[in-house]
Amino acid sequence: MAKEKSYRARLIGMIHMQKSAAKLTDEEYRALVTGATEKQSCSECSIQELFAIHRDLNAVLIKQGQKGFTFYRKSKPKGGATIQDAVIARAKKVLGESWEERLKGFLQKLNKTSVYKCTDKEVRQIMGWISSVAKKEKANGK
């Protein structure tokens, strides 16, 4: 139950980011929510209804020529990748052959032994660190 509340809060936050990115007015947003769920507010919606709103907002963003938002769950969906898998893939690409050692060193700073044992905040920190390494290497012409 606690995990669902966490997903719910994160998903509502993402829905509000989608609304801002799509530059929807409050009236347009309420019409979309009501159209998807027959409810007035995200706070009244079930997790399935929130995913319907998320999907519909992504359709609006794509129609506007923008990229849709992806909602990642901590647990691995059937046949899908997690955000931790994305971090590892990015680390391999950016950090090169010594990616495991470099990532392990950063994990030690966080007192973690694996990306999969990190909180959402720590995963974002790792991704930020990898991005800063990529920017430095690009600036140095590597």
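Bear in mind the structure is a predicted one, so any value in this text is a computation, not a measurement.
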Answer with yes or no whether the hydrophobic clustering places Phe69 together with Ile47; edges join I, L, V, M, F, W, Y residues whose side-chain heavy atoms lie under 4.5 Å apart.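 Same cluster.
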Group every Ile, Leu, Val, Met, Phe, Trp and Tyr by side-chain heavy-atom contacts under 4.5 Å, then state whether Ile62 and Leu57 land in the same group. no
Can you pull out every salt bridge (Lys or Arg N to Asp or Glu O under 4.0 Å) where at least one residue sits in residues 92-108? Sequence neighbours excluded, please.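 Pairs touching residues 92-108 that pass the test: Arg102-Glu137.
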Selection residues 53-72 - residue pairs positive for salt bridge (Lys or Arg N to Asp or Glu O under 4.0 Å), sequence neighbours left out: none
Kindly give the heavy-atom pair with the smallest separation between [X] and [Y], and that separation in Å.
X: Arg90; Y: Ala134; value: NH2-CB, 4.0 Å
X: Cys118; Y: Gln84; value: O-NE2, 4.3 Å
X: Leu61; Y: Gly68; value: CD1-CA, 4.5 Å
X: Gln66; Y: Ala21; value: NE2-O, 3.0 Å

For residues 30-42, run the donor-acceptor check on the side chains, cut-off 3.5 Å, and write out each pair with its distance to 0.1 Å, sequence neighbours left out.
{"unit_1": "Arg30", "atom_1": "NH1", "unit_2": "Gln40", "atom_2": "O", "d": "3.0"}
{"unit_1": "Thr34", "atom_1": "OG1", "unit_2": "Arg30", "atom_2": "O", "d": "2.8"}
{"unit_1": "Thr34", "atom_1": "OG1", "unit_2": "Lys39", "atom_2": "O", "d": "3.2"}
{"unit_1": "Thr37", "atom_1": "OG1", "unit_2": "Val33", "atom_2": "O", "d": "2.7"}
{"unit_1": "Thr37", "atom_1": "OG1", "unit_2": "Lys39", "atom_2": "N", "d": "3.1"}
{"unit_1": "Lys39", "atom_1": "NZ", "unit_2": "Glu44", "atom_2": "O", "d": "3.4"}
{"unit_1": "Lys39", "atom_1": "NZ", "unit_2": "Glu49", "atom_2": "OE1", "d": "2.9"}
{"unit_1": "Lys39", "atom_1": "NZ", "unit_2": "Glu49", "atom_2": "OE2", "d": "3.2"}
{"unit_1": "Ser41", "atom_1": "OG", "unit_2": "Ser43", "atom_2": "N", "d": "3.2"}
{"unit_1": "Ser41", "atom_1": "OG", "unit_2": "Ser43", "atom_2": "OG", "d": "3.0"}

[X] side, atom [atom1]; [Y] side, atom [atom2] - distance, nearest 0.5 Å:
X: Met14; Y: Phe51; atom1: CE; atom2: CZ; result: 9.5 Å
X: Glu28; Y: Thr25; atom1: CD; atom2: OG1; result: 3.5 Å
X: Lys112; Y: Leu110; atom1: NZ; atom2: CG; result: 8.0 Å
X: Ser114; Y: Leu103; atom1: OG; atom2: CG; result: 8.5 Å
X: Ile83; Y: Arg124; atom1: CD1; atom2: CZ; result: 9.5 Å

Before you tell me yes or no, could you show the steps for Leu107 and Ile126 under side-chain contact (heavy atoms from CB on, under 4.5 Å), namely the whole-Å CA-CA distance, both residues' side-chain angles and the distance that decides it to 0.1 Å? CA-CA 8 Å; Leu107 285 169; Ile126 296 167; 3.6 Å; yes
Apply the test side-chain contact (heavy atoms from CB on, under 4.5 Å) to residues Ile130 and Phe106: give CA-CA distance (whole Å), side-chain angles for both, the deciding distance (0.1 Å), then the verdict. CA-CA 10 Å; Ile130 293 170; Phe106 192 81; over 6 Å; no
Restricting to side chain to side chain donor-acceptor pair (under 3.5 Å), what partner residues turn up for Asn58, sequence neighbours left out? Gln18
With sequence neighbours excluded, what pairs up with Asp26 under the side chain to side chain donor-acceptor pair (under 3.5 Å) test?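 Per chain and number, Asp26 pairs via side chain to side chain donor-acceptor pair (under 3.5 Å) with Lys19.
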Trp129 vs Leu95, side-chain contact (heavy atoms from CB on, under 4.5 Å): CA-CA, chis, key distance, verdict: CA-CA 11 Å; Trp129 168 70; Leu95 304 176; 3.7 Å; yes
With sequence neighbours left out, which residue pairs that include part of residues 15-40 fulfil the ring pair (Phe, Tyr, Trp, His ring centres under 6.0 Å) condition?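 Sorted pair list: His16-Tyr29.
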